[in-house]
Amino acid sequence: MPRTQPIKAARGVRDILPAAIPLWREAEQGAADVARRFGYQEIATPVIEQVELIQRVGEDTDAVAKELYRLEKRGSQDLALRPEATAGVVRAYFEGGLNQGPQPSRLYLIGPMFRHDKPQKGRYRQFSQFNVEVIGGASPGFDAEVIELAGSWLDEVGVRDVRLELNSIGDAKCRPAYLDRLKDYYRPLKSRLHADSQLRLERNPLRLLDSKVGQDQPFKSAAPKITDHLCADCAAHWALVRRLLDAAGIEYEHNPYLVRGLDYYTRTVFEFYPGGARGQQDALASGGRYDGLAEAEGWPSTPGVGFAGGLDRVIELMAVKGEPVGTRPAADVMVLPDGDLAVEAAEVARICRSVRSTAVDYEPKSLAAKMRSANKLGVKFVVLLSPADAAQRTARLRDMSSGEQTDLAWVELPTRLA
RNA sequence: GUGGCUAUAGCUCAGUAGGCAGAGCACCAGAUUGUGGAUCUGGGUGUCGCGGGUUCAAGUCCCGCUAGCCACCCCA
């Protein structure tokens with residue numbers, strides 16, 4: 001027992017152990033396959049970005065205000081670990097000149113994001129996202145396309161029982177008038193709202209609608225719905241998105257309380273939840289249109305729409321329903337030197353590797369123990385090497401399933417193992 | 001930021017009215033004159049998370065701290 005506590009992983013992060021890797025590969029591969037099938041190209045952006053980029057994009061969100069991992073300043077740049085991907089992808093779109101190619105750019109990204117919030121099930125400080133972004137396209141067809149893509153991904157990886165919630169939150173033309181209506185509605189009720197909600201009333205009234213606090217619930221149903229107050233353009237967009245989803249056979253629920261708290265979000269917003277769940281911490285993927293984002297970053301005004309899918313959460317569901325992935329042995333062949341034959345065993349392994357994955361058991365334990373261990377690993381063949389064998393460059397090959405053994409020269413191993 | 005539960009061997013955990021610290025698994029060795037799977041036998045020195053308190057006596061009761069998990073808020 002060590003005198004001090006051993007060093008553990010940082011709070012809120014976790015390891016993906018070998019046994020879980022196939023599941024992650026499947027989720028990521030499924031994402032990449034579906035994205036490519038829809039004509040999207042992969043992009044990778046840095047996990048560090050300038051704090052300013054991140055802040056411009058989400059000043060009011062917890063993710064930026066309280067949960068940002070800011071790096072110690074080195075030189076003049078103020079950097080942080082990205083809490084989400086869209087800001088960086090939009091930045092890269094302009095910086096990399098993608099805005100000068102054919103429009104729109106269809107992009108996807110898979111990678112880690114970082115938020116310093118309190119860890120719990122399905123929520124980690126480092127988590128992995130599948131992001132899909134259409135930048136430079138304003139048509140409702142793109143909104144429906146990314147929704148369909150998200151749904152296809154979940155379907156592809158076997159997460160079938162999902163619920164899609166959809167809403168439109170208008171744009172700079174119609175939202176201000178709606179927000180005034182909303183404030184007019186809530187002001188007389190202010191004293192009966194939760195303290196946090198009272199603050200939101202003037203600062204970010206849209207957020208009152210997605211409040212999960214019990215005492216706020218009774219007032220929602222009578223609140224004005226933004227979809228009843230869209231301008232003509234937004235209403236047409238909203239109608240076409242729904243028609244496209246209907247035509248695609250995609251089921252959704254109109255949730256008038258589904259919102260985004262940031263100004264640059266416009267029109268379409270959507271979220272995918274697992275069948276039974278209702279809490280927001282269960283969202284598998286969420287996205288929407290962000291026609292104001294490029295401008296917020298200081299680039300030319302450019303429309304965009306996309307979503308972020310949570311790999312960690314999707315994998316959790318895959319693991320529950322998916323049949324256990326057969327643990328493949330790390331190696332097909334194990335070389336068991338019987339005695340002090342490390343050099344010779346390594347050479348034999350090198351020979352075997354030309355045809356099969358091969359490892360060596362260098363431990364100074366009994367041959368029985370080495371056999372036991374080879375058996376547990378599930379190797380198909382064992383190459384036994386005694387000092388006498390080694391001197392003549394011969395070995396004994398044992399087939400672990402049949403128990404058959406043959407003595408042979410090292411040079412014969414590749415043909416016998418192939 | 002708030003609350004609940006938990007913390008004992010490498011792992012999973014038991015520990016009964018406070019009275020010498022336990023099991024299973026894993027691992028090693030042997031039975032098998034150096035060849036796996038089954039069986040049997042042997043192999044444990046653990047600051048009982050940390051710090052205080054009560055007591056003749058604390059893994060056990062009380063307080064504080066830390067960590068983990070879960071939930072709230074919020075996010076994927």
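The sequence lines fix the lettering, A, B, ..., with proteins before strands; numbering per chain opens at 1.
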Just call it for [X]: base, sugar-phosphate, or nothing, with non-hydrogen atoms closer than 4.0 Å on any strand.
{"X": "A:Tyr124", "answer": "base"}
{"X": "A:Arg200", "answer": "sugar-phosphate"}
{"X": "A:Glu84", "answer": "nothing"}
{"X": "A:Leu284", "answer": "sugar-phosphate"}

Which base sits across from [N] as a Watson-Crick or G-U pair, both distances under 3.5 Å?
{"N": "B:A9", "answer": "none"}
{"N": "B:C61", "answer": "B:G53"}
{"N": "B:C72", "answer": "B:G1"}
{"N": "B:G37", "answer": "none"}
{"N": "B:C48", "answer": "none"}
{"N": "B:U32", "answer": "none"}
{"N": "B:U16", "answer": "none"}

Would you mind reading off the distance between [X] atom [atom1] and [N] atom [atom2], rounded to a whole angstrom?
{"X": "A:Asp210", "N": "B:C73", "atom1": "CG", "atom2": "P", "answer": "11 Å"}
{"X": "A:Glu363", "N": "B:U35", "atom1": "CD", "atom2": "C1'", "answer": "18 Å"}
{"X": "A:Leu81", "N": "B:A76", "atom1": "CG", "atom2": "P", "answer": "17 Å"}
{"X": "A:Arg11", "N": "B:C70", "atom1": "CZ", "atom2": "P", "answer": "11 Å"}
{"X": "A:Tyr273", "N": "B:A76", "atom1": "OH", "atom2": "P", "answer": "9 Å"}
{"X": "A:Asp117", "N": "B:A71", "atom1": "CG", "atom2": "C1'", "answer": "14 Å"}
{"X": "A:Lys370", "N": "B:U32", "atom1": "NZ", "atom2": "P", "answer": "22 Å"}

Quick check: are there more than 12 heavy atoms from other residues, nucleotides or ligands sitting under 6.0 Å from [atom1] of [X]?
{"X": "A:Arg192", "atom1": "CZ", "result": "no"}
{"X": "A:Gln405", "atom1": "CD", "result": "yes"}
{"X": "A:Arg25", "atom1": "CZ", "result": "no"}
{"X": "A:Arg356", "atom1": "CZ", "result": "yes"}
{"X": "A:Asp340", "atom1": "CG", "result": "no"}
{"X": "A:Leu367", "atom1": "CG", "result": "yes"}

Pairwise [atom1] distance for [N] and [M], with rounding to whole Å:
{"N": "B:A58", "M": "B:C65", "atom1": "P", "result": "24 Å"}
{"N": "B:G46", "M": "B:G53", "atom1": "C1'", "result": "24 Å"}
{"N": "B:G68", "M": "B:A76", "atom1": "C1'", "result": "22 Å"}
{"N": "B:C61", "M": "B:A14", "atom1": "P", "result": "14 Å"}
{"N": "B:G37", "M": "B:C50", "atom1": "P", "result": "40 Å"}
{"N": "B:G44", "M": "B:G10", "atom1": "C1'", "result": "12 Å"}
{"N": "B:A9", "M": "B:C48", "atom1": "P", "result": "10 Å"}
{"N": "B:G64", "M": "B:C27", "atom1": "C1'", "result": "39 Å"}

- Task: Ignoring backbone atoms, test whether A:Ser366 places a side-chain nitrogen or oxygen under 4.0 Å from the OP1 or OP2 oxygen of B:G34.
- Result: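 Checking B:G34 against A:Ser366, no side-chain N or O comes under 4.0 Å of OP1 or OP2.
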
- Is the distance from OP1 or OP2 of B:A76 to the nearest side-chain N or O of A:Gln129 less than 4.0 Å? no

- Message: Below 30° counts as parallel, above 60° as perpendicular, anything between as tilted: where do the rings of A:Phe114 and A:Tyr69 land?
- Response: perpendicular

Consider the side chain of [X], meaning its heavy atoms from C-beta on, and name the nucleotide among [options] that approaches it most closely.
{"X": "A:Gln405", "options": "B:U35, B:A29, B:G3", "answer": "B:U35"}
{"X": "A:Lys118", "options": "B:C72, B:G34, B:A76", "answer": "B:C72"}
{"X": "A:Asp338", "options": "B:C73, B:A76, B:G34", "answer": "B:G34"}
{"X": "A:Lys365", "options": "B:A29, B:G68, B:C70", "answer": "B:A29"}
{"X": "A:Ala308", "options": "B:C72, B:A76, B:U35", "answer": "B:A76"}

Dump every N/O contact between nucleotides 36-38 of chain B and the protein below 3.5 Å, one line per pair.
unit_1, atom_1, unit_2, atom_2, d
B:G36, O2', A:Asn375, ND2, 3.2
B:G36, N7, A:Arg398, NH2, 2.8
B:G36, O6, A:Arg398, NH2, 2.7
B:G36, N1, A:Met400, O, 2.4
B:G36, N2, A:Asn375, OD1, 3.0
B:G36, N2, A:Met400, O, 2.8
B:G36, N3, A:Asn375, OD1, 3.2
B:G37, O4', A:Asn375, ND2, 3.0

- Are side-chain heavy atoms of A:Leu384 and A:Val382 found at a separation under 4.5 Å?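 Side chain of A:Leu384 against side chain of A:Val382, heavy atoms only: contact under 4.5 Å found.
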
- Message: Just so I know, are the side chains of A:Arg123 and A:Gln120 near enough to count as touching, which here means a heavy-atom distance under 4.5 Å?
- Response: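 They are in contact (side-chain heavy atoms under 4.5 Å apart), so the answer is yes.
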
- Return the 5'-most residue of the pair A:Phe272, A:Pro119 with respect to RNA chain B, ranking by each residue's nearest nucleotide.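 Here A:Pro119 is the residue nearer the 5' end.
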
- Ring centres under 6.0 angstrom apart (A:Tyr185, A:Phe219):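 That pair fails the under 6.0 Å test.
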
